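In what follows, chains are A, B, ... by sequence order, proteins preceding strands, each numbered from 1. Keep in mind that what you see is a predicted model, and the values were worked out from it rather than measured.
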Amino acid sequence: MATVWVIVCYLGALLAFALGSKALFRGTSNDYFVASRSIGPFMLLMSVFGTTMTAFALVGSTGKAFERGVGTYGLMASSSGLIHAACFFLIGVKIWSIGKRHGFVTQIQFFRARFGSNGLGYLLFPIFVLLVIPYLLIGVIGAGKTLQPATAGAFPELFQSDNPILNGGVPPWLTGLVICGVVLAYIFAGGSRAAAWANTFQTLVFMGMGLVAFVLIYNVLGQAGSPTNVAARVTEQGEVVQEYAFDKASGKLAKAEKPKVVGKLKHPEEVEQWAGKQPHLTRDEVEITYKAKNPKTKKVVDKTRDVGVPWLMFLSYMFIPLSVGMFPHLFQHWLTAKSAKAFKLTLIAHPLCIMIVWVPCVLIGIWASGLLPWGMPPAAILSNVLKTLIGNPILTGMLTAGILAAIMSSLDSQFLCLGTIFTNDVVLHDSKKEYTDKQILFMARSFVVGIVAVTYVLALLLQNQNVFDLAVWCFSGFAALTPLVIAALYWRRATAAGAFASVIAVVVTWFTFFAMSGFGGEITVMGGIMPAAICWIAGALAMVVVSLATTPPPKETVDKFFV
Amino acid sequence: LLSSSNLVFGFMPVGLAYHALYSITAALFWGIVIKFAWPDDLEEWAEG
């Protein structure tokens, strides 16, 4: 029950903090959409970083490191430090200046004006919505799946479940309702400014909780001399073993008399190379077979895991962080900045913030390889390490609050951006009627309520589907669209036809690979290349070739967008 | 317009330490870009 109270206190503090921004709300649609372009450097950093980092930053990074080892950090975090900041500098700052000069509040307004094409807006609108919705569902469903086991036993009479791990825990339908309700309350009231305030609070919470979890786990595993000694090791017989055992009653970690065998090398001839080594500590690839229970049939089956990261995958993964250049919700945050100078802190601090969150989580994932069953779902690793080693309900509540903070700091911006797009790019753009500012504000809030309601219903309907596999496809789609924004900002010769060709090339290649993956799940093609890289190249080529083959855009149009 | 399982600080695999240092280098790089290549004209242009 203590866990539930900690989470309730967190949600209460979040609401109070976010609604505190209402005192600064100016009652205009411009304030609702872009906070009257008044957000300073620190809040801009917190809202951009908080929006960029989803629950994956805490839960996913730990799970990925549990599967692939130390290469996870280079694969996803250090590359993001360089590429995200490049997007903020080369795209974000320019977009802010163009948005301020022309009064834009959405991406589609910019693209329509830059390419002189209404049709481009109609093409981009459904793409943005379809790529953001799975992202929203991942947040709402992820919150439900996080909270239920964390609060198990709190309400044994009220919320009964056949699964003892979940019995008495807050059910996903209630978690989704509360999460959506809290986010809706402050977004409805204060729009973009409330999102910036809430994100500041949430980002500090999830960064803090990640560090707290790390210190606690480090102290327990330090009994092994170094916590990293705990990571799984390969024996001279080619078996993968967990050498340490943790006794929960005494809180002691000791070397097991007989190491627990959790798997074996798939290719026995590699024994000489790997004997005595801990595969999670290097990026070199090794295939390990292990046993896991099939969640549907309950039968134990043999599975194979690729520990390490193939070089081509490592290289082509550099395209994934480009997605921040096209996220509509991040676009809106950029437009809230008080000045171009407000971006300076974000550029420098963003790579460091990523490091502060990801290094501890990757280490926890590596250490977990020597403690937890290898068949455990990656998303469950962080909470299970804490439950196994710490087991304190208040600390469990604090970490769960941290995970919810990471989820909600992305959800709020996404709800708001979809409401903003519907209002400005569909209704106001197509309407011949003149609306008052009050009517626009009412319309935006109505759309936000509608989007939250649709998301909640979809989350209920799809809660047993594996929507988490869609995450990499959302990122890939947005990443592959970045040639459009780069050409719009830096290439005077880019034409509307080139923009259409680029978007269509991305849609066709993206959908082809998505279908090849079985509509979800991470795949690589052509010997290890991430599909995002190929989609990006297709989009860039189409933009260049078709633009050069068509009439250049009018000089007076282009001059509006170049300093 | 950058295979050893040795540990740094006694607990951090050397590959992870390398990339943590890389993150700090990226931050320094952007700090230098801000110092020497910041587009000062954008601010004035945005107020157009």
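For chain A, no part of Val14(B) is nearby; none of its heavy atoms comes within less than 4.5 Å. Both the backbone and the side chain of Ile98(A) come within contact range of chain B, with heavy atoms under 4.5 Å apart. Contacts between Ile354(A) and chain B at a heavy-atom distance below 4.5 Å are absent for every atom of the residue. For a residue to count as touching a neighbouring chain, one of its non-hydrogen atoms must lie under 4.5 Å from one of that chain's; by this rule Trp358(A) does not touch chain B. Using a 4.5 Å cut-off between heavy atoms, Ile24(B) contacts chain A through both its backbone and its side chain. Contact annotation for Tyr218(A): only side-chain heavy atoms (C-beta onward) come within less than 4.5 Å of a heavy atom of chain B.
Taking Lys341(A), Gln278(A), Arg101(A) one by one and counting their heavy-atom pairs under 4.5 Å with chain B, the maximum is reached by Arg101(A). Of the residues considered (Ser79(A), Gly81(A), Ala85(A)), Ala85(A) shows the highest number of contacts with chain B, using heavy-atom pairs under 4.5 Å. Considering only heavy-atom pairs separated by less than 4.5 Å from chain B, the leading option among Ala86(A), Gly69(A), Gly74(A) is Ala86(A). For the set Phe343(A), Trp96(A), Phe88(A), the entry with the most heavy-atom pairs within less than 4.5 Å of chain B is Trp96(A). When the candidates Ser80(A), Pro227(A), Pro351(A) are compared by the number of heavy-atom contacts under 4.5 Å with chain B, Pro351(A) comes out ahead. With respect to chain B, the highest number of heavy-atom pairs below 4.5 Å among Ser226(A), Pro279(A), Gly222(A), Ser78(A) belongs to Ser78(A).
Between the CG atom of Leu82(A) and the OH atom of Tyr22(B) there is a distance of 4.0 Å, given to the nearest 0.5 Å. Distance check: Leu90(A) CG to Leu1(B) CG gives 9.0 Å after rounding to the nearest 0.5 Å. Atom CD1 of residue Ile366(A) and atom CZ of residue Phe11(B) lie 11.0 Å apart, to the nearest 0.5 angstrom. Taking CD1 of Ile348(A) as the start and CD1 of Ile32(B) as the end, the distance is 9.5 Å to the nearest 0.5 Å.
Aromatic ring pairs are classed by plane angle as parallel below 30°, tilted from 30° to 60° and perpendicular above 60°; the pair His19(B) and Tyr73(A) is perpendicular. Taking the six-membered ring where tryptophan is involved, the planes of Trp30(B) and Phe89(A) are tilted, since the angle between them lies from 30° to 60°. The aromatic rings of His102(A) and Trp45(B) sit perpendicular, their planes meeting at an angle over 60°, well past the 30° parallel limit.
Scanning all heavy atoms of the two residues, the minimum distance from Val359(A) to Met12(B) falls at CG1-CE, 3.8 Å. When all heavy atoms of Ala20(B) and Met355(A) are compared, the pair lying nearest together is O-SD, 3.3 Å. Of all heavy-atom pairs spanning Ser97(A) and Ala46(B), the tightest one is O-CB, 3.6 Å. Between Val93(A) and Pro39(B), the shortest heavy-atom contact is CG1-CG, 4.5 Å.
Put simply, the side chain of Pro13(B) reaches to within 4.5 Å of the side chain of Leu363(A), judged on heavy atoms.
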